[in-house]
2 protein chains.
Amino acid sequence: MVSIKDVAREAGVSPQTVSNCINNPAIVKPATRTLVNAAIERLNYTPNASARRLRTQRSNTIAIGIAPVSYSPIYDPLLHALVTEADAHGIRVILYKTDSHQDEIRQFEQLIARGDVDAFVLVNTTHDDPRIAWLNEHRQTFVLFGRPWGRADMHEPDVPWVDVDGRAGIADVTRHLILHGCKHIGFIGWPGLSGTGMDRRLGWRQTMLDARMATPAELDQLSEDAENDIIAGQTACIALLDRRPDIDAIICVSDTIATGVALALPTDTDITVTGFDNTVSAQSLGIPSVAQPLAGAARELVRITQERLRARLAEAAAGNGADAAATVRPTDAGASGGTATGATPNGDTDDGKTGRTTLCGEPDRDHVLLTPTLALR
Amino acid sequence: MVSIKDVAREAGVSPQTVSNCINNPAIVKPATRTLVNAAIERLNYTPNASARRLRTQRSNTIAIGIAPVSYSPIYDPLLHALVTEADAHGIRVILYKTDSHQDEIRQFEQLIARGDVDAFVLVNTTHDDPRIAWLNEHRQTFVLFGRPWGRADMHEPDVPWVDVDGRAGIADVTRHLILHGCKHIGFIGWPGLSGTGMDRRLGWRQTMLDARMATPAELDQLSEDAENDIIAGQTACIALLDRRPDIDAIICVSDTIATGVALALPTDTDITVTGFDNTVSAQSLGIPSVAQPLAGAARELVRITQERLRARLAEAAAGNGADAAATVRPTDAGASGGTATGATPNGDTDDGKTGRTTLCGEPDRDHVLLTPTLALR
DNA sequence: CTGTTAGCGCCTTCAA
DNA sequence: TTGAAGGCGCTAACAG
């Protein structure tokens, strides 16, 4: 393995100058810099990560959990997006197993104690999640993918998250169908009080009401519940059509349910079916679907962890300085300005490029709701 | 962070003694050892991974790729199994992105140069895979999950792999159906020359012939091809039943196709459908399925990488010594004894516990074929 | 702007 | 059986 010394010798400078060329090029004289860079190129030098980590006490590594059974069809694409984004920042992604919350916390302890990780991405968080409490108690850096549904205040500065606005996605689908002349649009969602599920259903409900496509009483007729499997989707579809044979479109909360619906309908039907997650399965069946912007989500996940890490570092550095509070935790600005529900009124601004919705003009950089796109066929 | 010095002070010994307690307990006096262990416990000490890696020049890290789109429904469970097994050996798993073979090789270069990784798990390998050639040229340690189909010799010592014996799995299913009185057992497989697909089909064919359940001509009638989606499964099912209305069981090469078949059949049918991979989807539909032994596969993947790493280390150490060749590469023993096809005759031994099939009594530790289990409903 | 010094935490000699 | 010295590769602080 070629080390910084080899490069230094090759370029005829000291190891420190080589280091500077890499970590702080501005302070090196351009002539020397090109000299050194040429040597780096020639020797194909890459700094040793362990040595750098040991020296800087930063691992530049994000950890994300992997469960015994996949909790979502988008998990692999999410991992890929995260790895891609992290890679662009020189950050590695390491996996840890999540057999239970308790086991997961044990993994946290291990990873932290060994200095293997400096931030965590948490998935599938629940109301009063012990992992969140533990990480905050131990002053660790983390970010959730998915909102902490059920928390009284979803915009606490201590609990940053990135999520995809399922409600807006389903609202988009609904509007799209209305524009294409659909009159009686049904919805099949998940039963129970799942935050994600209720949020998506609300996207349909609200849009239907706003467009005066149905009365609240009619909406109840147009709505069905189904567990997340194909058979349940079929059953719900049949029940729905039985009650309302005039239906001309069915919006489903997931691609799995949409698959059941599509297969329950006669092949020559005019009824449009839509799904959520834009899985390969939905694609091969030609089902339009709401696609989560995973690259954008990954970008925000990495950004938030890095910003908070920086803030924590600054905080530590300012510990001896006097005016710590003034410069510290810039990411908290406006964090408490959000609403308890995380609602995103349609009138809010959207920067278009990232599809990020900002609340009330006061950007909350620690709680990011991304707008999904509609994958039509 | 608590370091080895803190423990040493706490226990009233030198840092080296603490180090010995951890890495070579045998040479420490029992009394001192318990003293030190108590201090470690009390301070909750864990050695810093970066420092250890820097010192030992071993990363104790395995890398596995993640593709933009999931190539298999078992990938998440595989990752979980791998992380679990690695964890038990004090090894970490890091992800790298695999956008193309060329990109993947670039990732290899990065990971190696930074000293982040000392072994790779390769998935989805193809005939004449450039990654395999590259890794061997650069003397890197790796192991494939899945056989290198299409290679002239699948038992080259340079190309170790772990795979699940799809043929045996499908043969098991076939025998099971025969035992339960099925007379006319159809098969729906993938079109084309996919090694995995052909192997699974062969499991059915051979078992049918051996049991005299059909003539070769009949087998052609009982066989269909389908792309790996639900609709194709439905279509193939209909074609099959059209040709052979007397069919009483349909074995499918995948759960996706099995799903299509199950949905194409009338609800009151007596025809049994089986799948492959035992996905949650198949489970919720009540489809019996062949389950891959992923924990066992992970165990073998880790074992092979570690053995080969050890061998490589010994080789390097013996570089100055004289009789290098004698002790080096113990894992190669019998490696060339396999057959070109990787066929596993039914009479071969099986150690039962791991479900591992050994070839001709000569264990080939670098080419492991695991026997899947049948998940009945 | 460049080089020297020192040390991150650990483990492998080798001496006591 | 235990301890002292040295260095893995890198970078922060300072001296030139």
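Below, each value reflects all heavy atoms present in this structure, side chains not excepted, and no hydrogens, waters or symmetry copies. Every chain is numbered from 1, with letters handed out A, B, ... down the list of sequences.
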Kindly say if A/Ser3 contacts the phosphate of D/dG9, meaning a side-chain N or O under 4.0 Å from OP1 or OP2. no
Grab the CD1-P distance between B/Ile27 and D/dG3 for me, whole Å please. 12 Å
Less than 4.0 angstrom from a charged side-chain N to a carboxylate O is my criterion; do B/Arg53 and A/Asp116 meet it? yes
Whole-Å distance separating the CG atom of A/Asn24 from the C1' atom of D/dA13: 13 Å
Rounded to the Å, how far apart are B/Arg52 CZ and D/dG7 P? 22 Å
Side-chain N or O of B/Asn48 less than 4.0 angstrom from OP1 or OP2 on C/dC10? no
Quick one: B/Asn60 CG to D/dC8 P, roughly how many Å, whole number? 20 Å
Is any NZ, NE, NH1 or NH2 atom of the basic residue among A/Asp366 and A/Arg308 found under 4.0 Å from an Asp or Glu carboxylate oxygen of the other? yes
Nearest-Å distance for atom pair CG/C1', residues B/Asn23 and C/dT12: 11 Å
Decide whether B/Arg114 and B/Gln110 meet the rule of one side-chain donor and one side-chain acceptor closer than 3.5 Å. yes
Whether B/Glu300 and B/Arg303 form a salt bridge (side-chain N of Lys/Arg under 4.0 Å from carboxylate O of Asp/Glu) is what I want to check. yes
Which sits closer to the 5' end of DNA chain D, B/Ala26 or A/Ser50, going by the nucleotide each is nearest to? B/Ala26
Could you state the atom-to-atom distance from CD1 of B/Ile4 to C1' of C/dG7 in whole Å? 16 Å
So what does A/Gln57 hit on the nucleic acid, given a heavy-atom distance under 4.0 Å: a base, only sugar-phosphate, or nothing? sugar-phosphate
5'-most contact on DNA chain D: B/Leu54 or B/Thr17, nearest heavy atom basis? B/Thr17
